[in-house]
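Here is the structure we will look at.
Proteins come first, then strands; the chains are lettered A, B, ... in the order of their sequence lines, and each starts at number 1.
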Protein chains: 2
Amino acid sequence: MKVILYMASTLNGLIAKKDDDTSWISKKEWDSYSATVQAAGCFIVGRRTYNTLTKQPEFQELKNITLVVVSHQDFKILSPNHHIAHSPKEALEQLKDFKEVIIAGGGALNASFLAENLVDEIYLDIEPIIFGDGIFLFQGADFEKKLKLLGQKEISENEIQLHYQVLK
Amino acid sequence: MKVILYMASTLNGLIAKKDDDTSWISKKEWDSYSATVQAAGCFIVGRRTYNTLTKQPEFQELKNITLVVVSHQDFKILSPNHHIAHSPKEALEQLKDFKEVIIAGGGALNASFLAENLVDEIYLDIEPIIFGDGIFLFQGADFEKKLKLLGQKEISENEIQLHYQVLK
């Protein structure tokens with residue numbers, strides 16, 4: 001199974017404003033993300049991301065995709081194809097029949113997967129914006145990982161996608 | 001005068017480890033940075049960056065370049081071509097005869113220039129590494145700036161340079 005972190009960020013590594021606002025992420029970026037998640041057939045998010053993502057109208061595109069929410073506590077999920085796991089490893093175990101799994105935020109979830117050395121590749125779509133403060137791509141766990149640049153492409157004339165292998 | 005922020009960062013927007021370590025930045029990146037500073041003939045850093053940068057052997061390449069240190073307090077500078085300014089605007093005023101000025105860290109200095117809307121362009125060299133924690137590209141001031149992607153190039157097979165205009 002290949003574990004892929006797929007996120008959009010500002011040029012300075014923020015994935016949301018402090019109030020969880022991601023409205024600055026473009027429709028083209030969403031389409032690229034959505035297509036990646038649909039091709040994989042499954043994705044993993046943290047509880048805070050679950051609560052904000054499922055309220056967005058675009059989420060309807062992904063409503064039938066298998067989704068695992070990593071949360072220390074149980075809570076009410078919204079759909080029979082959504083599941084709760086209590087750790088990154090448990091989430092991957094639940095999805096072991098998929099060839100690819102997409103890790104999709106937020107910062108604490110992303111950091112926990114990296115800190116446990118569970119991520120094989122990273123796609124980062126860099127939006128043409130910077131904020132002084134917000135929610136970072138990785139938050140709450142320290143780690144160091146070297147990367148190998150696998151490729152880059154322009155999503156639009158203003159947005160670049162960087163693709164890396166995480167060296168283990 | 002064109003004001004250019006030129007930095008290297010991890011993929012997740014860190015410019016140093018918590019202990020100011022920047023040894024993970026490649027020689028090729030340094031060479032690109034050094035050539036940019038030498039072409040401009042001047043650069044601006046914060047006091048913490050001044051203290052670490054001037055201790056590095058590679059700094060000898062830049063020892064004759066005009067350098068302004070933005071610091072609220074006066075302190076002992078190391079060379080007659082180094083100067084102290086007490087604010088971003090005062091630093092630019094001191095360098096008003098230069099066509100280009102390079103803003104070169106750290107995070108607090110960078111953020112203060114952006115928050116005061118003083119930066120025209122950003123070059124960010126993305127090193128193939130991620131850390132969970134460290135010093136961010138922008139720290140200590142909140143702002144929001146839209147960017148326009150002006151170009152990109154590979155510094156090496158593993159390092160990409162992104163070049164943006166800051167929209168004002």
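Proximity to chain B (any heavy atom under 4.5 Å) is shown, for A/Gln139, by neither the backbone nor the side chain. Looking at A/Phe136, only its side chain comes within 4.5 Å of chain B, counting heavy atoms on both sides. Proximity to chain B (any heavy atom under 4.5 Å) is shown, for A/Phe131, by both the backbone and the side chain. Looking at B/Leu167, neither its backbone nor its side chain comes within 4.5 Å of chain A, counting heavy atoms on both sides. Within the 4.5 angstrom heavy-atom criterion, no atom of A/Leu14 approaches chain B. Contacts between B/Phe143 and chain A at a heavy-atom distance below 4.5 Å involve backbone atoms as well as side-chain atoms. Proximity to chain B is absent for every atom of A/Ala111, based on heavy atoms less than 4.5 angstrom apart.
When the side chains of ILVMFWY residues are joined at heavy-atom separations under 4.5 Å, either directly or via intervening members, B/Val70 and B/Leu118 end up in a single hydrophobic cluster. Put simply, B/Ile15 and B/Trp24 are part of two different groups of oily side chains (I, L, V, M, F, W, Y) that touch within less than 4.5 Å, one to the next. Transitive grouping of hydrophobic side chains (ILVMFWY, heavy atoms separated by less than 4.5 Å) keeps A/Met7 and A/Val45 in distinct clusters. A/Leu92 and A/Tyr6 sit in two unconnected hydrophobic clusters of ILVMFWY residues. Membership requires side-chain heavy atoms under 4.5 Å apart, directly or through other members. Note on A/Ile84 and A/Leu95: separate hydrophobic clusters, where clusters join Ile, Leu, Val, Met, Phe, Trp and Tyr whose side-chain heavy atoms are under 4.5 Å apart, directly or indirectly.
Note that CG of B/Leu149 is 9.0 Å distant from CD of A/Glu157, once rounded to the nearest 0.5 Å. With rounding to the nearest 0.5 angstrom, the CG atom of A/Leu162 is 6.0 Å from the CG atom of B/Leu162. The line from CG of A/Leu124 to CG of B/Leu11 is 5.0 Å long, rounded to the nearest 0.5 Å. The structure places OG1 of B/Thr10 at 14.5 Å from NZ of A/Lys145, a figure rounded to the nearest 0.5 Å.
Nearest approach of A/Ile160 to B/Gln152, heavy atoms of both residues: CD1-NE2, 3.0 Å. A/Glu144 approaches B/Ile129 most closely through the heavy-atom pair OE2-CD1, 3.7 Å.
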### Message
With side chain to side chain contact (heavy atoms under 4.5 Å, CB included) as the criterion, how do B/Asn12 and A/Asn110 come out once you've worked through the C-alpha distance, each side chain's angles and the decisive distance to 0.1 Å?
### Response
CA-CA 11 Å; B/Asn12 61 315; A/Asn110 297 342; over 6 Å; no
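Heavy atoms from other residues, nucleotides or ligands lying under 6.0 Å from NZ of A/Lys99 number 12 at most. Annotation for A/Lys168: atom NZ counts as buried by contact number, over 12 foreign heavy atoms lying within 6.0 Å. Heavy atoms of other residues, nucleotides or ligands lying less than 6.0 angstrom from NZ of B/Lys146 number 12 at most.
The most heavy-atom pairs under 4.5 Å with chain B, out of A/Glu127, A/Glu159, A/Glu154, come from A/Glu154.
Side chains of A/Ile130 and B/Leu137 form no contact here, defined as non-hydrogen atoms less than 4.5 Å apart.
Side chain of B/Asp142 to main chain of A/Asp133: a donor-acceptor pair is present (N/O by atom type, distance under 3.5 Å, no hydrogens or angles).
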